2 protein chains.
Amino acid sequence: MPSPEDLARSIAKQAPSSAQIADWIRAQIRGSRLVPGQRLVEVDIIRQTGGSRFKVREAFQRLAAEGLVEIEEFRGASVRSATSDEVRQLYQARALLEGLCARDFCRRASANDRARLAQLASEMEACVDSNAPEKFSGLNAEWHTLLMRGAGNQVIEDLVKRLNTPVHHLLFGTFYRGDRLKEAVEDHRIIMQAIEANDADAAELAMRRHVENGHRFLSELDRAMHID
Amino acid sequence: MPSPEDLARSIAKQAPSSAQIADWIRAQIRGSRLVPGQRLVEVDIIRQTGGSRFKVREAFQRLAAEGLVEIEEFRGASVRSATSDEVRQLYQARALLEGLCARDFCRRASANDRARLAQLASEMEACVDSNAPEKFSGLNAEWHTLLMRGAGNQVIEDLVKRLNTPVHHLLFGTFYRGDRLKEAVEDHRIIMQAIEANDADAAELAMRRHVENGHRFLSELDRAMHID
DNA sequence: ACTGATGATATTGTTGACAATTTTACAGGC
DNA sequence: GCCTGTAAAATTGTCAACAATATCATCAGT
């Protein structure tokens, strides 16, 4: 028979695992509640997540291995910031890897995945008219993930996930704004056409262009911000 | 004035950091002294590295984030093994990423890096005649690293390092054997020719072929081993 | 000999206290 | 006002002890 304390804890909130704490920190970074350079003080994370100090430190180690945070002796963890050159390299790699996935999607994807991909694309188109950038952002992440998964490439899916995190704080909130939505929708349309025609070469090329366009837009945004 | 204990410790061996322990474990895996599936018992690692339990566990977390080891509740860390399909995906990604580096090396590398790359290639050729596969292996790693560094792409350098580790135990000792050395030297020769001619397209293509050849050889070796 | 239960051992998970270091606050001199 | 040194506070690093769980050896029963 469980004690009242155990019962209360299990109902209210389980003590989070290090993976859950890491997820929480990633989410904070994505939501710009933690910005690059900011220090991650252990007690603060403990208070906000309910995790033990041990688990928090484990989470820091994992995030450090992913390159998302930096750990310095006696100074703890802080959110790492990517240089513009590093961002360029990240997008270069993404363009290649996601391009390959677009190619393989043509060869290997099931009818189900194809239909779902097309549906997501049309839902994103609707976001342009209704001007819903947050919704678009979520659908877009789903679309890219489904494409990699449909291509049957778990390794690239993991890699791209990691490549994205260091610039996530730039993407959400600021990224899908202005004409970028229309541009992205047009890019997706070209990719979907190639996939429907089963033209692997065209799909790969179009996906590369799409990622490169994303980088171009991001760096223009970055330049504009630095002028302020 | 340092106490005799401090002095002895600093002369003999510093307590290793978690990064050093992680490096040690990676080296053990590369040297096949730790094989996939094998459990990494904390006290054993502590005894062999001199690190504290705390540092060892930090190292496990980092290696887990890299995908090199697996951590199970109350069962600790064990060396992860890649499926043949995962290995295929790893090499696919490597072919693309290193291909890009070969391209960029043509555009961006200094005369110094070019000369050093050529020198490493010729040293590897000598290894074929003298039949020194371990030496070849080391030079080869240097060659690939220099190519990525000369291309000015730190991000890809890190990625490829990670992509390689899960199959390192297959590579060293068994990999560079028989005709593989000659094949690899021939591949390198083609790549070097393209670089010297500053033909970026040819360099990229040749590097992709080289990595794909490596995968082909590895999977044939794997098949032969399973037949035994 | 084989199977399943049972206790002993080994291994990992967690916590708290304390040490080492950095950061901050503050007083004093210029 | 501004710099500088010093002590207090905050923060991280480390360790040892204990709890939870898994693994292994033993043995009874068939």
Side-chain angles (χ1 to χ4, degrees), chain A residues 1-3 5-10 12-25 28 34-65 68-80, chain B residues 1-10 12-25 28 33-65 68-80:
Chain A
M1 185 175 179
S3 71
E5 292 84 12
D6 289 340
L7 205 60
R9 173 176 290 178
S10 69
K13 200 186 285 181
Q14 283 284 16
S17 69
S18 60
Q20 286 174 307
I21 296 173
D23 283 341
W24 182 86
I25 294 172
Q28 298 300 110
L34 291 173
V35 297
Q38 187 168 344
R39 286 180 63 175
L40 300 170
V41 178
E42 291 176 358
V43 282
D44 291 346
I45 311 290
I46 290 169
R47 264 199 286 271
Q48 295 183 68
T49 63
S52 67
R53 191 177 168 205
F54 191 78
K55 294 274 181 68
V56 169
R57 293 183 63 118
E58 276 189 349
F60 284 175
Q61 287 292 326
R62 294 193 86 113
L63 293 169
L68 205 78
V69 311
E70 216 169 5
I71 297 182
E72 284 173 294
E73 183 96 347
F74 291 110
R75 296 205 54 220
S78 55
V79 182
R80 204 172 72 88
Chain B
M1 184 177 179
S3 72
E5 293 82 14
D6 289 340
L7 205 61
R9 173 176 289 178
S10 69
K13 200 186 287 181
Q14 284 283 17
S17 69
S18 60
Q20 286 173 309
I21 295 173
D23 283 341
W24 182 86
I25 294 172
Q28 298 300 110
R33 287 178 293 278
L34 291 173
V35 297
Q38 187 167 345
R39 286 181 61 176
L40 300 170
V41 178
E42 291 177 358
V43 282
D44 292 345
I45 311 289
I46 291 169
R47 263 198 286 272
Q48 296 183 66
T49 63
S52 67
R53 191 176 167 207
F54 191 78
K55 293 275 179 69
V56 169
R57 292 182 64 118
E58 277 189 349
F60 284 174
Q61 286 293 325
R62 295 194 86 115
L63 293 169
L68 226 143
V69 311
E70 215 169 5
I71 297 181
E72 285 172 294
E73 183 96 347
F74 292 110
R75 295 205 54 220
S78 55
V79 182
R80 204 171 72 89

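Sequence lines set the chain letters: A, B, ... in the order given, protein chains first and strands last, and positions in each chain run from 1. These numbers were taken from a predicted model, which means no experiment stands behind them.
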| request: Tell me, please, which residues at least two apart from B:R33 pass salt bridge (charged side-chain N to carboxylate O under 4.0 Å, His left out). | output: none
| Distance in angstrom units between A:R75 CZ and C:dT23 C1', rounded | 9 Å
| In degrees rounded to 10°, what angle is found between the helical axes fit to the five outermost pairs at each end of the helix from C:dA1-D:dT30 to C:dC30-D:dG1? | 10°
| note | The contact string for nucleotides 14-21 of chain C, one letter per nucleotide 5' to 3', using protein heavy atoms under 4.0 Å with B, S and - for base, sugar-phosphate only and none, comes out as BB-B--BS
| task | Please name all residues satisfying side-chain contact (heavy atoms from CB on, under 4.5 Å) with A:A77, sequence neighbours left out, ordered by chain then number. | result | A:L40, A:F60, A:V69, A:I71
| said: Expressed as a whole number of angstroms, how long is the span from A:L40:CG to D:dG13:P? | reply: 12 Å
| Interatomic distance where CD1 belongs to A:I46 and P belongs to D:dA10 [whole Å] | 15 Å
| remark: Across all chains, not counting sequence neighbours, the side-chain contact (heavy atoms from CB on, under 4.5 Å) partners of A:D23 are A:R26
| message | Suppose we screen for salt bridge (charged side-chain N to carboxylate O under 4.0 Å, His left out). Which residues come up paired with A:R75, at least two apart in sequence or across chains? | response | A:E72
| note | Between CD of B:E42 and P of D:dC15 the distance, given in whole Å, is 14 Å
| request: Under the side chain to side chain donor-acceptor pair (under 3.5 Å) rule, collect the residues that match up with B:R39, sequence neighbours excluded. | output: none
| Gap separating the CD1 atom of A:I45 from the CZ atom of A:R57, nearest 0.5 angstrom | 13.0 Å
| A:I71 CD1 to D:dG13 P, straight-line distance once rounded to whole Å | 8 Å
| remark: Residues at least two apart in sequence or cross-chain that pass salt bridge (charged side-chain N to carboxylate O under 4.0 Å, His left out) with A:E70, listed by chain then number, are none
| request: Could you tell me the separation between the CZ atom of A:R39 and the P atom of D:dT11, rounded to a whole number of Å? | output: 8 Å
| task | Return the set of residues passing side chain to side chain donor-acceptor pair (under 3.5 Å) with A:S18 (not counting sequence neighbours), or none when no residue passes. | result | A:E58
